[in-house]
Amino acid sequence: MPKFAVVVFPGTNCDFETLEAIRKAGGKAERVWHESGLKDFDGVVLPGGFSYADYLRAGAIAARAGIMEEVREFARDGRPVLGICNGFQVLTEAGLLPGALRPNKNPRFLCRWVHLRVEDVETPFTALYEPGEVIRMPIAHAEGNYYTDDPSKVRVVFRYSDGEGNVTDGANPNGSLMNIAAIANGRGNVLGTMPHPERASDKFLGSEDGLRLFRGMVEWAKR
């Protein structure tokens with residue numbers, strides 16, 4: 001059974017939900033303090049929260065933590081690396097994913113459910129979705145406005161859409177370029193998502209659409 005590290009920085013607050021989602025998806029998971037190491041793990045997840053209180057910029061300080069060099073090794077080795085919300089911000093700040101997450105176009109904290117259109121099912125995380133499928137997950141961020149100078153080099157995985165899968169300005173909650181909600185690296189083993197799949201991993205939470213992301217990650221790590 002594959003084992004995943006859920007990295008905890010000062011200010012992380014979604015670690016326990018992420019642990020539960022990974023375990024429900026059939027994997028093992030363990031919280032790992034950022035000053036520890038990643039030996040004997042098959043994959044790593046950087047969960048949501050407000051690492052270092054988003055001081056300077058969201059994810060800027062966490063991206064420079066010593067453990068991030070091991071995360072880079074995971075990425076280079078082709079092992080799964082997942083960044084959720086603040087974890088996505090950390091991955092861009094660390095240079096593991098292109099672009100940046102800027103303050104929301106309407107400068108306030110957003111916490112609500114959104115629809116997403118699945119754009120890429122050729123990653124370990126999205127193999128259990130259908131191309132063009134519309135799913136539901138919640139967002140909770142103040143700096144989720146994705147931007148890059150070169151959109152042609154971005155591998156888009158999820159886009160904000162309406163319930164019918166239409167990618168419109170009205171369905172874009174934060175001003176993200178091209179309604180981008182989640183991206184992957186070229187190999188597909190590093191994924192950053194602003195919506196929270198761990199908060200959509202049980203029917204009692206309002207959606208199980210996020211659980212398939214973790215199941216895909218676990219199944220891929222088994223192989």
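- Closest of all the heavy-atom pairs between Ala200 and Met137 is CB-CG, 4.0 Å.
- Of all heavy-atom pairs between Ala62 and Met68, the closest is O-CG, 3.4 Å.
- Leu82 is connected to Val118 through a chain of hydrophobic side-chain contacts under 4.5 Å among Ile, Leu, Val, Met, Phe, Trp and Tyr, so both are in one cluster.
- Of the possible donor and acceptor atoms, one in the side chain of Ser176 sits under 3.5 Å from a partner among the backbone N and O of Tyr146.
- Of the inter-residue distances, the one linking Met194 atom CE with Leu101 atom CG reads 5.0 Å to the nearest 0.5 angstrom.
- With contacts defined as side-chain heavy-atom distances shorter than 4.5 Å, the pair Ile22/Met217 qualifies.
- With Arg64 contributing its side chain and Ala60 its backbone, the two residues share a donor-acceptor pair below 3.5 Å.
- Atoms CG and CG, from Asn145 and Asn174 in turn, are 5.5 Å apart once rounded to the nearest 0.5 Å.
- Under a hydrophobic clustering in which Ile, Leu, Val, Met, Phe, Trp and Tyr are joined whenever their side-chain heavy atoms come within less than 4.5 Å, directly or via other members, Tyr147 and Leu91 fall into different clusters.
- There is a path of hydrophobic side-chain contacts, each under 4.5 Å, that joins Ile135 to Val114.
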Under the criterion side chain to side chain contact (heavy atoms under 4.5 Å, CB included), I'd like the reasoning laid out for Arg79 against Phe41: C-alpha separation, chi angles, the key distance, then a yes or no. CA-CA 10 Å; Arg79 287 180 281 180; Phe41 288 99; 6.0 Å; no

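- One distance of note links CZ of Phe214 with CZ of Arg23; it measures 12.5 Å at 0.5 Å rounding.
- A side-chain donor-acceptor contact under 3.5 Å links Ser207 to the backbone of Arg136.
- Nearest approach of Val71 to Val81, heavy atoms of both residues: CG1-CG1, 3.9 Å.
- The main-chain N or O of Leu213 is found under 3.5 Å from a side-chain atom of Tyr129 such that the two form a donor-acceptor pair.
- The shortest distance between side-chain heavy atoms of Phe74 and Asn189 does not fall below 4.5 Å.
- In this model, a donor atom of one side chain and an acceptor atom of the other lie less than 3.5 Å apart for Ser152 and Asp150.
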Please lay out, stage by stage, how Lys3 and Asp40 fare under the test salt bridge (charged side-chain N to carboxylate O under 4.0 Å, His left out). CA-CA 8 Å; Lys3 184 178 178 182; Asp40 300 326; over 6 Å; no

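- Proximity of Tyr160 to Val167: side-chain heavy atoms (C-beta onward) are nowhere separated by under 4.5 Å.
- Thr148 places no side-chain N or O within 3.5 Å of a backbone atom of Pro151 that could act as its donor or acceptor partner.
- Tyr55 OH: 12 or fewer foreign heavy atoms inside a 6.0 Å radius.
- Between Asn104 and Leu110 there is a side-chain heavy-atom pair separated by less than 4.5 Å.
- Annotation for Arg155 and Gly186: closest pair NH1-O, 2.8 Å, computed over non-hydrogen atoms.
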Using salt bridge (charged side-chain N to carboxylate O under 4.0 Å, His left out), reason through Glu93 and Arg57 one step at a time and then give a plain yes or no. CA-CA 9 Å; Glu93 288 284 344; Arg57 295 182 307 277; 2.8 Å; yes

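- Atom CD1 of Ile84 sits about 7.5 Å away from atom OG1 of Thr193, to the nearest 0.5 Å.
- Atoms CG and OG, on Asn179 and Ser161 in that order, are 8.5 Å from each other to the nearest 0.5 Å.
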Give the C-alpha distance, both sets of side-chain angles, the deciding distance and a yes or no for salt bridge (charged side-chain N to carboxylate O under 4.0 Å, His left out) between Glu208 and Lys203. CA-CA 5 Å; Glu208 291 184 290; Lys203 63 181 180 180; over 6 Å; no

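- Between Phe158 and the choices Asp120, Thr126, Ile183, the side-chain contact (heavy atoms from CB on, under 4.5 Å) rule is met once, by Thr126.
- In this structure, Gly78 and Trp220 approach most closely via the heavy-atom pair O-CH2, 2.6 Å.
- No more than 12 heavy atoms of other residues, nucleotides or ligands lie within 6.0 Å of CD in Glu164, so this atom counts as exposed by the packing criterion.
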What verdict does the side chain to side chain contact (heavy atoms under 4.5 Å, CB included) test give for Asn185 and Leu96, after you've listed the backbone C-alpha separation in whole Å, the side-chain angles of each residue and the deciding distance to 0.1 Å? CA-CA 8 Å; Asn185 66 342; Leu96 285 168; over 6 Å; no

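- Under a 4.0 Å N-O distance rule, the pair Lys24/Asp202 qualifies as a salt bridge.
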Walk me through whether Arg199 and Glu20 qualify under salt bridge (charged side-chain N to carboxylate O under 4.0 Å, His left out). CA-CA 10 Å; Arg199 297 183 184 179; Glu20 181 61 26; over 6 Å; no

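- If you chain together hydrophobic residues whose side chains sit under 4.5 Å apart, Val154 and Phe88 fall into the same group.
- Using a 30° and 60° split on the angle between ring planes, Phe9 and Tyr52 fall in the tilted class, from 30° to 60°.
- From Glu70, atom CD reaches atom CG of Asp77 across 11.0 Å, with rounding to the nearest 0.5 Å.
- Hydrophobic clustering keeps Val90 apart from Val8 (ILVMFWY residues linked when any side-chain heavy atoms are closer than 4.5 Å, directly or through intermediates).
- Here Arg76 pairs with Glu69 in a salt bridge; the nearest charged N to carboxylate O distance falls below 4.0 Å.
- Judged by distance alone, the side chain of Arg117 and the main-chain N or O of Gly165 form a donor-acceptor pair under 3.5 Å.
- Exactly one residue among Ser201, Pro47, Cys85, Cys111 makes a side-chain contact (heavy atoms from CB on, under 4.5 Å) with His196. That residue is Cys85.
- Within the 4.5 Å cutoff, the side chain of Val190 has no heavy atoms near those of the Arg187 side chain.
- Contact of the Arg215 side chain with the Val218 side chain is not registered, since no non-hydrogen atoms from C-beta on lie closer than 4.5 Å.
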Hey, mind stepping through Phe125 and Val157 against side chain to side chain contact (heavy atoms under 4.5 Å, CB included) and telling me if it holds? CA-CA 10 Å; Phe125 309 93; Val157 176; over 6 Å; no

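- No side-chain heavy atom of Leu46 sits less than 4.5 Å from a side-chain heavy atom of Asn86.
- Shown here for Trp113 and Gly206, the closest heavy-atom pair between the two residues is CH2-C, 4.0 Å.
- Looking only at side-chain heavy atoms (C-beta outward), Ile67 and Val32 come within less than 4.5 Å of each other.
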Between Arg102 and Glu143, is a side chain to side chain contact (heavy atoms under 4.5 Å, CB included) present by the stated rule, with each step listed? CA-CA 5 Å; Arg102 306 186 299 182; Glu143 297 180 45; over 6 Å; no

